[in-house]
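Residue numbers count from 1 along this sequence. First listed ligand is number 1; within each ligand, the first listed atom is number 1.
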Amino acid sequence: MPRYLERFGEVPPTAGLPLHRADLGWPVGDADADLGAALARFLDVEAVQIECSGTAALVVALTALQRLAPERDEVVVPGYTCPLVALAVMHCGLKLRVCDVRAGTLDLDPAALQRLCNAQTLAVLPTHLGGRVADVATALHCARRVGAWTIEDAAQALGARAGGRSVGTRGDIGFFSLAVGKGLSMFEGGALVVRDPALRRACAQASADRVPRRAGWEFRRSLELLGYALCYRPVALRWVYGLPLRRALRRVDWLGAAGDIHGPTIPLHRVGRWRQAVAVRALARLPEFLAQCTEQARWRCDRLSRIPGVQVLGDSDAVPGAEGVWPILLVRLPAQVHRDGVLRAAWGNGCGLSLPFARALPDYPGLASALPPLALPHARDLAARLLSISNSPWLDDRRFAMLCDTLTEYCASAA
Ligand SMILES: *Cc1c(COP(=O)(O)O)cnc(C)c1O
């Protein structure tokens with residue numbers, strides 16, 4: 001075990017907000033357990049609908065849209081994104097249309113998007129990956145032209161803003177994830193924002209019709225949230241996160257190591273009062289935590305981009321006034337050999353190195369058979385060259401400097 005890991009413990013792969021003991025009390029009144037209202041204030045929107053995961057929030061949104069336009073059955077998603085997005089689309093019986101990204105960015109490629117949108121399109125999903133603000137205007141333009149809706153996937157971007165407004169609020173619908181590792185966490189949870197009041201009622205109705213109570217699931221999630229509150233600290237993370245990670249790396253199982261393996265079923269259930277109350281109390285600390293992470297990201301991005309061959313991904317250049325959040329720093333290396341070299345050298349060292357996603361969407365085992373052969377050169381380029389560095393405050397300056405040295409060493413071989 002590396003000396004640093006032994007002394008200081010494990011850095012989580014993303015900057016999640018740690019819970020405090022005082023967050024865990026029973027709610028004293030209804031307002032105390034109304035996460036929807038608390039998030040609506042935080043995001044400065046009229047209402048927020050709480051679901052049991054980001055994936056569930058997407059399922060609810062797609063279900064509502066399907067009822068409004070039953071003749072439409074295609075959903076356009078980026079070629080490099082969370083495989084759960086594809087599962088949600090397939091869960092609804094809809095067809096995936098995978099769109100390449102613009103070279104070297106996380107934005108949907110405008111020309112490719114234009115080609116994919118037609119009278120069958122139900123929704124387009126621009127995605128704010130890793131806290132980076134993505135181009136929503138192009139998606140809105142392409143979707144509106146064919147009568148489709150835009151759903152902003154802001155799962156990894158709670159707190160990110162563009163032009164002073166929260167991401168997720170420019171498109172017709174936006175959703176955030178409250179899962180482990182995505183900023184504010186209630187172990188698993190999702191938040192849905194819907195701009196138009198009539199569409200908002202349709203989403204609430206879809207949830208009321210499709211999402212059962214299922215106390216067993218909520219009980220399980222409550223225990224898991226308690227476990228998370230106890231274990232989300234460097235010493236305990238060595239066992240609950242680091243041990244399985246290093247086991248997966250020994251098997252050279254990068255899908256497992258990246259946390260990219262998901263069961264085929266999507267649990268759908270209501271979120272109980274206690275977990276909502278925990279998140280409401282933690283949310284009060286989120287603005288300060290995000291500000292701390294932004295400050296750390298600022299100088300670390302600067303430091304990383306001075307390494308020859310390293311490119312740090314920023315907010316989309318197509319979005320004026322973008323102010324993303326920084327759960328991770330997304331780094332693109334000259335080629336896959338360098339990226340893989342860095343991962344082999346340091347992924348298991350407890351310093352917060354990881355892969356955002358291990359593959360381009362069509363290259364996941366469960367999805368290849370559901371999709372026709374697709375070119376997607378730019379999405380595959382990201383899958384081959386990107387890595388993520390945790391922006392957790394627990395990644396101290398010494399260990400960050402060691403990571404920079406490793407990157408320098410492996411990129412030098414590219415020159
Ligand atoms: C995590 C994630 C989701 C799904 O959210 P869950 O809360 O984990 O269900 C969707 N999209 C992206 C980009 C994600 O990172």
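Every atom of ligand 1 is numbered from 1 in the order shown, and the set under 4.0 Å from a heavy atom of V85 is 10 (C), 11 (N). Atom numbering of ligand 1 starts at 1 in the shown order; those under 4.0 Å from a heavy atom of A155 are 2 (C), 3 (C), 10 (C), 11 (N), 12 (C), 14 (C). Near G189, meaning under 4.0 Å from any of its heavy atoms, are these atoms of ligand 1: 7 (O). In the vicinity of A179, heavy-atom distances shorter than 4.0 Å reach the ligand 1 atoms 7 (O), 8 (O). Listed by number with element, the atoms of ligand 1 under 4.0 Å from a non-hydrogen atom of L129 are 13 (C).
For the ligand labelled ligand 1, residue A56 lies outside the 4.0 Å heavy-atom shell. Not a single heavy atom of H128 sits under 4.0 Å from any atom of ligand 1.
No more than 12 heavy atoms of other residues, nucleotides or ligands lie within 6.0 Å of CZ in R210, so this atom counts as exposed by the packing criterion.
Ligand 1 has no N or O atom lying under 3.5 Å from any N or O atom of T127, backbone or side chain.
Judged by distance alone, the side chains of S207 and E51 do bring a donor and an acceptor atom under 3.5 Å apart.
Looking at T55 against ligand 1, both its backbone and its side chain come within 4.0 Å, counting heavy atoms. At a heavy-atom cutoff of 4.0 Å, ligand 1 is contacted by both the backbone and the side chain of S53.
Distance from atom 8 (O) of ligand 1 to its nearest protein heavy atom, with residue and atom name: L84 CD1, 3.7 Å. The protein heavy-atom contact nearest to atom 14 (C) of ligand 1 is K182 NZ, 2.9 Å.
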- For side-chain contact (heavy atoms from CB on, under 4.5 Å), just list the numbers for L386 and V331, CA-CA rounded to whole Å, side-chain angles, deciding distance to a tenth of an Å, and then say yes or no. CA-CA 6 Å; L386 221 52; V331 170; over 6 Å; no

- Audit row: S185, L178, side-chain contact (heavy atoms from CB on, under 4.5 Å) steps and yes/no: CA-CA 5 Å; S185 177; L178 306 174; 5.8 Å; no

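The residue among V59, L58, V180, D153 with a heavy atom at the shortest distance from atom 13 (C) of ligand 1 is D153.
The six-membered or imidazole ring of W394 lies near that of Y232, with a centre-to-centre distance under 6.0 Å.
Seen from the ring of F400, R300 counts as a face-on cation partner, given the 6.0 Å and 45° thresholds. Taking the ring centre of W149 as origin, the terminal cationic atom of R72 falls outside the region bounded by 6.0 Å and 45° from the ring axis.
Atoms OH and CZ, on Y228 and R221 in that order, are 14.5 Å from each other to the nearest 0.5 Å. Rounded to the nearest 0.5 Å, atoms CG (D73) and SG (C92) are 12.0 Å apart.
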